[in-house]
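Have a look at the structure below before the remarks.
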Amino acid sequence: MSVRMKKELIEGGMQLRAVPQQFAVEAEAALPGGLRDEVRLFYTEAQAEPAQAEAVGNRLTVSGRVNFRALYAQGDLTRVRCAEGSGDFSRVLTITPGEGSAAYTPHCEITSATARVFNGRLLLRAEINVTAQADAARQVNAVTQVEEDGAQVLSQTLELQQCVGGGESSGLIRGEFELAPALQVEEALFAGADARVEDIIGGADGRATVTGTIDLTVCHASRMPGRPLVYTQHSMPFEQTVTLSGEMGDALSASAQTTDAAVALEGKEDERILRAEVSLKVGVQALREQRQSVVADVFASAGDQLIPSGERIAYRSASVNEQTAESGRLQMILPEGTPRIKTVLAAFVQPVLVGASAQGGKLNADMLLRATLIYMTEDSGIPVAYTAEEPARMAFAADAQPEDVLTLSALRVEPSAVAGDRAEIRYVISLRAEGTRYGQAFVVTEVAQEPAPAAESVLAMYRTQPDERLWDVMKRYRLPRESLLALNEQLTADEEETLPEGTCVIAYKR
């Protein structure tokens, strides 16, 4: 005879990760001058754009592009220029066998970018870390009720979260800014951009509008005496509408990422206008929260025995999509023999994450800061660049974990000369954390019925063992909770609460 019970499909799952790989991507950029012209390199940076990830079996092919920019001078070494290049990449990562059907999201991190001159060209090279992750859903037919007479049921409530809809949108965000005539800018060399989400509205009509701000930093070539390089910083508000597919959830989560920035100057020399176009990609998820009661254990206090069987499952309990920032400062001391500082032109900071730990609602990030200072000296009109690497640690107020996808970027970098052999660089480090939280639980998926041994009267005085619960004592003697509580006033009514070791429990059954 089958056991009378109810079942319900619940959404289980787990997070999948591809084995990360580190490799080099190379590119070239032509130099416009002659082969015999002297070239000075000041600064090189790179940005990775993952394009797609395709899984087949236990292999995941991630492809994309790395875009390079390098500040240099050629021939006339007092004039700073910018060269750009790009290199494509495609790498095969290892994933868990049988999970190739999951949709993987690739993530790339540039750990270093360098350039060297060869035969009239810039040879560009970037070290890049590539990984990918996916959320794999799995349905479990769990027992939610047992309706047999005498059944004692231990239930648990799972706090489930599902991604039931979402969408992506890409667009160009345009801005226009007046530049101070005193800057005497003659050319916009390059720009860096970072986006942060501030609000999400809508969703009920199948569309969501994401608003936020883009921080834009632009390097310019200048005619100002003794200052051939200047930079300006700007804020660009954005509003991007995303069409959502799937169902509506209880909450919306959004992320925004800049993929490229283009700038140009217009107007007369004393009325310069900076025009900027930033490529922005916005993603939105519709999340549904659900409380689901399932059976964790069962036994019969009378009649035939009830024998449960089940499995331990992982289930999605929360999503993390946070962006926060902290400010810091770096003291840069020039080595002996390095040209002394007269005027600081610009500074660039590239943070590389080397480790992380979470404690007390904060994420402690251990970083390597690669800082480049460009400055003028007392005895030359040619800029000088000095690069140093310094370890740093920052505590970010974020509900993030080391296993999340963590992205660091430097904003609002402000250098100043302290003395001829040292400078101070103030900066803001932005942390973006993306991840999924999973809970674990044992759920009953089937209950069998077996004849019970001949019933015997029980009168026992039992002392609890370590980590034993009221439920464990109930099941040991096949007693309902009310019977134990009636004889043991000192016991808690909570079946799952652990009893103190050595608690004396009286068990009586006729």
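For the numbers below, each heavy atom of this structure counts, side chains included, while hydrogens, waters and symmetry mates do not.
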Please set out all donor-acceptor pairs under 3.5 angstrom arising from side-chain atoms of residues 349-360, sequence neighbours excluded.
none

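Taking a cutoff of 4.0 Å between a charged side-chain nitrogen and a carboxylate oxygen, Arg469 and Glu497 do not qualify as a salt bridge.
Residues that satisfy the side-chain hydrogen bond (donor to acceptor under 3.5 Å, both in side chains) test with Gln145, not counting sequence neighbours, are absent from this structure. In terms of the side-chain hydrogen bond (donor to acceptor under 3.5 Å, both in side chains) criterion, Thr464 has no residue partners (sequence neighbours excluded). Residues passing the side-chain hydrogen bond (donor to acceptor under 3.5 Å, both in side chains) test with Ser319, sequence neighbours excluded: Gln161, Arg316.
One finds the CG atom of Asn321 at 10.0 Å from the OG1 atom of Thr436 (value rounded to the nearest 0.5 Å).
The closest side-chain donor-acceptor pair between Gln233 and Glu414 falls under 3.5 angstrom. When only modelled atom types and interatomic distance are considered, Gln240 and Ser169 share a side-chain donor-acceptor pair under 3.5 Å.
The aromatic rings of Phe348 and Tyr43 sit parallel to each other, their planes meeting at less than 30°, with 60° as the upper class boundary.
Sorted by first and then second residue, the ring pair (Phe, Tyr, Trp, His ring centres under 6.0 Å) pairs with a member in residues 136-155 form an empty list; sequence neighbours excluded. Residue pairs meeting the salt bridge (charged side-chain N to carboxylate O under 4.0 Å, His left out) criterion with at least one partner in residues 429-443, sequence neighbours excluded, are Asp404-Arg437.
With Asp297 as the fixed residue, the side chain to side chain contact (heavy atoms under 4.5 Å, CB included) test singles out one of Asp472, Leu154, Leu306: Leu154.
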